[in-house]
Amino acid sequence: RYSLSKDDVKDYKGYLSLTPEERTKKLNDISTTQKQKIGKVTSADIDTTTKILKETLGNKEFGKLKASIKGKGGPPKEYLKGKAENPNPPPAEIAKSELRFRNVIKHYLETGGVSPITGKVVPFHDSQLDHITSLDNGGKDGPENWMWMESRMNQFKGKLTDTEVEAKLIEQGLQTANELEVGM
């Protein structure tokens, strides 16, 4: 289920060949394009999305979805327990898990679910929230360190750094970034 096709490898290697600045620009361009399409995502938009999901799914299924969304990206428990400090958006007092739920919904809406690796919209049910720098490698759990990607690519990446991902691709007999560039 999580194996990569030749096109996936090409897309992933293309992404890995970008400088950190180029990757940041790509992520910013995705958000800018989405903002031009739908405007700024507000608390009201998050409330509306949540309401539609709840009405469509019913309480029980919505509860399951909400639990799944809170856990997207596998955050440590400290990101889900207790009250949030200085929450934005309101209300004034909100549980960390509820704030994370709202932030995940907001981030998906702000990016349109576009994968920076493939440039394609990844439907929410087939997407995974990736920490650009994994939490195990010192990354923070927040929108500034998130991107949406295809499940198969995120599972392939796991907790690896970009250098380790490239080594894993090479180890499995796949082309390096330089080989892709010269068309080997």
Side-chain angles (χ1 to χ4, degrees), residues 1-5 8 11-12 15 26-27 30-31 33-35 37-38 40-91 93-161 165:
R1 172 179 169 180
Y2 293 124
S3 61
L4 300 182
S5 70
D8 290 339
D11 289 340
Y12 212 149
Y15 179 77
K26 193 169 194 174
L27 290 166
I30 288 168
S31 295
T33 298
Q34 184 67 358
K35 189 174 184 178
K37 287 181 187 176
I38 67 168
K40 183 180 180 201
V41 176
T42 66
S43 289
D45 296 324
I46 299 165
D47 293 340
T48 300
T49 300
T50 302
K51 181 181 176 188
I52 291 168
L53 288 169
K54 192 172 189 177
E55 289 172 356
T56 303
L57 298 172
N59 287 338
K60 185 176 180 182
E61 290 303 314
F62 175 73
K64 290 178 187 177
L65 176 65
K66 189 171 183 178
S68 172
I69 291 171
K70 288 177 185 178
K72 284 264 189 198
K77 289 181 180 164
E78 65 262 19
Y79 289 95
L80 300 174
K81 301 287 183 193
K83 298 287 181 195
E85 294 179 24
N86 300 319
N88 184 18
E93 191 172 291
I94 187 171
K96 286 182 179 179
S97 62
E98 183 66 20
L99 180 59
R100 189 172 196 281
F101 167 78
R102 294 178 66 80
N103 284 338
V104 170
I105 294 290
K106 181 178 183 182
H107 191 265
Y108 189 84
L109 294 172
E110 287 177 334
T111 63
V114 174
S115 166
I117 295 173
T118 63
K120 297 176 184 171
V121 174
V122 185
F124 192 79
H125 69 276
D126 192 36
S127 67
Q128 290 189 355
L129 180 66
D130 180 56
H131 290 93
I132 297 165
T133 302
S134 76
L135 301 177
D136 289 342
N137 291 318
K140 302 292 183 207
D141 183 53
E144 66 284 349
N145 189 37
W146 291 345
M147 68 180 191
W148 294 93
M149 64 189 332
E150 294 78 0
S151 297
R152 64 192 179 278
M153 291 188 186
N154 194 39
Q155 291 301 311
F156 184 85
K157 176 186 176 202
K159 297 176 182 179
L160 302 176
T161 64
V165 170

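Just so it is clear, the model here is predicted, and its values are computed rather than measured.
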Can you find a heavy atom in the side chain of Ser43 that is under 4.5 Å from one in the side chain of Arg102?
-> yes
Side-chain heavy atoms of Tyr15 within contact of Met147, under 4.5 Å = yes
Sorted by chain and residue number, the salt bridge (charged side-chain N to carboxylate O under 4.0 Å, His left out) partners of Lys83 (sequence neighbours excluded) come out as Glu93
Between Thr133 and Gly138, what is the shortest heavy-atom contact and its length?
-> CG2-C, 4.3 Å
Compare all side-chain heavy atoms of Met149 with those of Ser115 and state whether any distance is below 4.5 angstrom.
-> yes
Name every donor-acceptor pair, under 3.5 Å, that has one atom in a side chain of residues 59-71 and the other anywhere in the protein, sequence neighbours excluded.
| from | atom 1 | to | atom 2 | distance (Å) |
| --- | --- | --- | --- | --- |
| Glu61 | OE2 | Lys64 | NZ | 3.2 |
| Lys66 | NZ | Glu98 | OE1 | 2.7 |

Consider only side-chain N and O atoms of Asp45 and Thr48, and report whether a donor and an acceptor are under 3.5 Å apart.
-> no
Test side-chain contact (heavy atoms from CB on, under 4.5 Å) applied to Asn103 and Trp146, step by step | CA-CA 11 Å; Asn103 284 338; Trp146 291 345; 4.0 Å; yes
Identify the heavy atoms of Ala84 and Leu99 that sit nearest to each other, and give their distance.
-> CB-CD2, 3.5 Å
Run the numbers on Asp130 and Met153 for side-chain contact (heavy atoms from CB on, under 4.5 Å), then give the verdict.
-> CA-CA 10 Å; Asp130 180 56; Met153 291 188 186; over 6 Å; no
For residues Leu135 and Pro76, report the shortest heavy-atom separation together with the two atoms involved.
-> CD1-CD, 3.3 Å
Separation of Ile38 CD1 from Leu109 CG (nearest 0.5 Å) = 6.0 Å
Under the side-chain contact (heavy atoms from CB on, under 4.5 Å) criterion, do Gln34 and Thr111 qualify, and how do the steps go?
-> CA-CA 6 Å; Gln34 184 67 358; Thr111 63; 5.9 Å; no
Within 6.0 angstrom of Lys54 NZ, more than 12 heavy atoms from elsewhere | no
Indicate the atoms forming the closest heavy-atom contact of Leu80 with Pro75, along with that distance.
-> CD1-CG, 4.0 Å
Among Glu150, Gln155, Lys157, Lys72, whose side chain to side chain donor-acceptor pair (under 3.5 Å) with Gln128 holds?
-> Gln155
Is any side-chain heavy atom of Pro143 closer than 4.5 Å to a side-chain heavy atom of Lys106?
-> no
Report the C-alpha separation of Ile132 and Leu27 in whole Å, then their side-chain angles, then the decisive distance to 0.1 Å, and conclude whether the side-chain contact (heavy atoms from CB on, under 4.5 Å) test is met.
-> CA-CA 11 Å; Ile132 297 165; Leu27 290 166; 3.5 Å; yes
What heavy-atom pair brings Ser127 and Tyr108 nearest, and what distance separates the two atoms?
-> OG-CE1, 4.2 Å
Determine the sole option in Asp11, Val122, Asp8 for which the side chain to side chain contact (heavy atoms under 4.5 Å, CB included) test with Ile117 is passed.
-> Asp11
Close side-chain approach of Trp148 to Leu129, heavy-atom, < 4.5 Å = yes
Sub-4.5 Å side-chain heavy-atom contact between Lys35 and Lys40 | yes
Donor-acceptor pair, side chain of Asn137 and main chain of Lys159, under 3.5 angstrom | yes
